[in-house]
Amino acid sequence: MAVHFNEQEYKSIVERMPFGVLVLEADPERTEPGNHLVCTYCNPYMLELYGIEKEELLGKTFDEIKEMFVVSEDIPLADADKQTLLGENMTGAFPFTYHQKRKNGTHFWIKGYTNWIVPGKLCQSVFYDCTHEVILEGKQHRTQVLLETVMDTTTTPIFWKDAQRRFIGANKAFLDVYGFDSVDVVMGKNDEEMKWHPSPEPFKNIEEHVIKEGMHSDGAEGICLIRGKERRIRASKHPLVLDDQIIGLVGTFEDITEDFRQKEEIQKLNTRLVEALGKARAANEAKNQFMARMSHDMRTPLTTIMGLANIGMIECEDPAERKRYGSIQEGAQYLLTLLTDILDSRKLSEGKIELNKEPVNLREIRNLVEHIVRPGAEEKDIFFSIQTPGNKCLVEADGRRLQQIMLNLLSNAIKATPEGGTVILRITELNSTEDHVDILYEVIDNGIGMSREFQQHMFDEFTQETRPGQVEQGSGLGLAIVQQLVNLMDGSISCESELGKGTTFRVKIPFKRISEEEMEAWLQKTGNRQNLGEKQIREAREDLALDGKKCLICEDVDINAMIIAHGLEKLGIICEIAANGMVGVEKARQEAYDFILMDIRMPIMDGIEAAKEIRRFNATVPIIALSANNYPEDIRRSLDAGMNAHVSKPINPEELIGVIRRFL
């Protein structure tokens, strides 16, 4: 280089300085003005300040350094300083302040000066981080501007008064509310002089308390005249304190006229809503009572029809007559299914069905389902198969509801499958552990299938897919009930179907396993040996010493009492009939019976009250409820009244015999 100076001495000084130092030296190979200056030195402070390495800076031109460090809005300033530096009249040093950026992208400010060491050939810049100074210098000004901006842009009216409650300021929102062009309209005046309040005393008293006692007032409401109209406002006022002295108050207010009117309207609506809800509850209760009565009133004649048909099938010797009785039985059973679906759907949609979980053997549930389904399949010449693990599976479940799910799906599959088709129930154990098992039930048929459009809403209530020439069957509630029961069991259900190629339903339900010991203990405790097959029923009839046993039948419908008695007398049981609960109580008080069959709904005294009364003087006689309702809450009411068991109507003779067997 053409310029000579004591470089070592220079470096020893500037490398200890708490300032940034940058040296630019003319490069004879560069001719562009300004860009002939390149960096030949920078001290450690600068490298640390910018977060760079020396190699990244050495050899860079003025413009390259500018692009590296100067933020975009300050580049014009840097260009102007460059022209000053290169000017012919440049002597001494000129100061600068730049907004800078580090290598990592963070911003800061620097202050310093630039001067020529050797004019035109060697210059230096000395600077320091002045970010804190810049912030402090601008803080007061920005705070003042910000405060004024906030005051003028906020939509909340704000005002401040002196110790004599005279206005000394207000923001733009305050002036806009009253329609004032300037704050001068209110300056030096109080509320009374402005004549704003029809009743000024409450507002005046609050302001005096705020100023004299330093209290805070929030949410005071009253009437204020605004632009000649009465408006309801809510005001908040707080002491204005300077040097620990209360010099006045600052307040805000809001116009709540519309809110107040809406509140009044809402209160009126709430009153109407409460009245409407009361009427709705009464209507809902009336509906529930109607459904309960309908259930009883429909099941009672069905009990008669099915009972008489059953007697006819047993006692009639003419095959043609027996077949007619069978048709009556099937029709009544169909009506019973529709009724049960409607009642179940209502209770499920209202969340009133509870699972009655108890120890069950899933194999017995499967056998019972097969026993019910197979005759219908064989009648249509449908190949019906159950594919299942051979071992028994003991779990905690609501067996009746699980059976209902399988029966609904299988019944639909048989309806949808033409003669000579196939229906398969496949049962698979998944995720089996010592305490838990997931059971996958798959109902597979090769029937008519379902359209994709129908599958979108196949679980909706009262929904069926009909096609030309197809007779609509059922209530359209079966799948809706299945889905709701599966959800109630924390399970899942899915479907695959294609028109003309069949349907597959998959139901996965989680179960808690129980041990053999737990099952046996429960059977011993409850005597519950349900799910009796025909062979077991026959053995029960043969093995039990029923001849001469005495039964009291409390039933208000004569024909139903006769049907029950007819079936029991065939087994040698002596039956007496009571037309209502009160007669039944008196008979039970005077005579000893081996067991009592108690209808629930009866005139004068119902079965629940009759059972409670009998238990006051006889704690041991078995009492079996006969009810048109068979939900868990109905069973619980019967058991809570002191009855031993609950049999639903229409009465299944084999089920009734099985229950009687438990207590004799």
Side-chain angles (χ1 to χ4, degrees), residues 73 76 99 133-269:
E73 61 265 26
H99 194 183
E133 291 179 20
V134 172
I135 292 174
L136 288 177
E137 288 172 1
K139 184 176 181 181
Q140 184 175 1
H141 175 71
R142 289 197 300 274
T143 300
Q144 182 64 30
V145 171
L146 178 63
L147 178 60
E148 292 175 359
T149 302
V150 170
M151 293 291 287
D152 285 339
T153 57
T154 182
T155 57
T156 301
I158 303 174
F159 58 90
W160 45 102
K161 298 181 178 182
D162 62 17
Q164 284 72 46
R165 300 179 44 251
R166 296 174 299 203
F167 283 96
I168 55 176
N171 72 339
K172 185 176 182 299
F174 179 94
L175 302 178
D176 290 344
V177 167
Y178 288 99
F180 298 149
D181 295 330
S182 169
V183 73
D184 294 338
V185 179
V186 298
M187 289 292 285
K189 299 177 182 179
N190 59 32
D191 287 358
E192 296 87 87
E193 292 172 308
M194 296 302 299
K195 298 181 180 181
W196 277 334
H197 304 300
S199 301
E201 286 303 315
F203 290 96
K204 177 181 178 182
N205 292 338
I206 288 174
E207 290 187 349
E208 288 178 346
H209 280 298
V210 170
I211 294 171
K212 293 179 181 179
E213 302 174 16
M215 65 171 284
H216 297 258
S217 172
D218 291 309
E221 295 185 13
I223 301 298
C224 182
L225 291 175
I226 298 177
R227 302 192 185 203
K229 295 181 179 180
E230 287 192 355
R231 308 290 292 181
R232 179 171 287 272
I233 65 169
R234 180 186 295 122
S236 297
K237 298 172 184 179
H238 304 273
L240 189 59
V241 180
L242 182 64
D243 296 330
D244 296 328
Q245 296 291 323
I246 298 175
I247 63 171
L249 64 86
V250 60
T252 64
F253 71 88
E254 58 179 326
D255 187 334
I256 61 168
T257 307
E258 297 306 320
D259 291 343
F260 184 78
R261 290 172 181 169
Q262 289 178 6
K263 185 177 179 180
E264 287 185 323
E265 188 63 30
I266 289 172
Q267 288 176 340
K268 292 177 182 178
L269 290 173

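Here, residue 1 is the first one in the sequence, and each next residue gets the next number.
In this structure, the side chains of F203 and S217 stay at 4.5 Å or more apart for every pair of heavy atoms. Looking at heavy atoms from C-beta onward, F180 lies in side-chain contact with V186 at the 4.5 angstrom threshold. Between V177 and F253, the closest side-chain pair of non-hydrogen atoms falls below 4.5 Å.
Residues that satisfy the salt bridge (Lys or Arg N to Asp or Glu O under 4.0 Å) test with K172, not counting sequence neighbours, are D176. In this view, R234 and E221, E254, I256 satisfy the side chain to side chain contact (heavy atoms under 4.5 Å, CB included) rule, not counting sequence neighbours. The side-chain hydrogen bond (donor to acceptor under 3.5 Å, both in side chains) test applied to Q164 returns R166, not counting sequence neighbours. Not counting sequence neighbours, the partners of Q262 by the side chain to side chain contact (heavy atoms under 4.5 Å, CB included) test are D259. Shown here are the ring-ring contact (aromatic ring centres under 6.0 Å, His included) partners of H99, two or more places apart in sequence or in another chain: H107, W109. Residues satisfying the side-chain hydrogen bond (donor to acceptor under 3.5 Å, both in side chains) test with E213, not counting sequence neighbours, are H209. Taking T154 as the reference, T156, I158, N171 meet the side chain to side chain contact (heavy atoms under 4.5 Å, CB included) condition, with sequence neighbours excluded. Legend: residues meeting side-chain hydrogen bond (donor to acceptor under 3.5 Å, both in side chains) with H238, ordered by chain and number and at least two apart, are H216, D218. Residues satisfying the salt bridge (Lys or Arg N to Asp or Glu O under 4.0 Å) test with E230, not counting sequence neighbours, are none. Legend: residues meeting side-chain hydrogen bond (donor to acceptor under 3.5 Å, both in side chains) with E258, ordered by chain and number and at least two apart, are R261. For the side chain to side chain contact (heavy atoms under 4.5 Å, CB included) test, residues two or more places apart in sequence or in another chain that qualify with V241 are P239, I246.
Counting all heavy atoms, side chain and backbone alike, P200 lies closest to E192 at CB-CG, 4.3 Å. Closest of all the heavy-atom pairs between I233 and H197 is CD1-CE1, 4.4 Å. The minimum heavy-atom distance linking R232 with T257 is given by the pair N-OG1, 2.9 Å. Nearest heavy atom pair, residue I206 against residue A220, reads CD1-CB, 3.6 Å.
Expressed to the nearest 0.5 Å, how far CD1 of I223 lies from CZ of R231 amounts to 10.0 Å. M215 contributes atom CE, which lies 11.5 Å from atom CD of E207 (distance to the nearest 0.5 angstrom). Atom CD1 of I211 is separated from atom CG of D162 by 7.5 Å, given to the nearest 0.5 angstrom. Here E193 contributes atom CD and R165 contributes atom CZ; the two are 9.0 Å apart, rounded to the nearest 0.5 Å.
Under a 3.5 Å cut-off, the side chain of Q245 and the backbone N or O of L242 do not form any donor-acceptor pair.
Between F174 and Y178, the two ring planes are tilted [angle within 30° to 60°].
Checked against a 6.0 Å centroid threshold, the rings of W196 and F167 count as neighbours.
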>> One pair to check against side chain to side chain contact (heavy atoms under 4.5 Å, CB included): K237 and F159. What are the steps and the verdict?
In response: CA-CA 9 Å; K237 298 172 184 179; F159 58 90; 3.9 Å; yes
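Listed by first then second residue, pairs satisfying salt bridge (charged side-chain N to carboxylate O under 4.0 Å, His left out) with a partner in residues 181-191 read K161-D191, not counting sequence neighbours.
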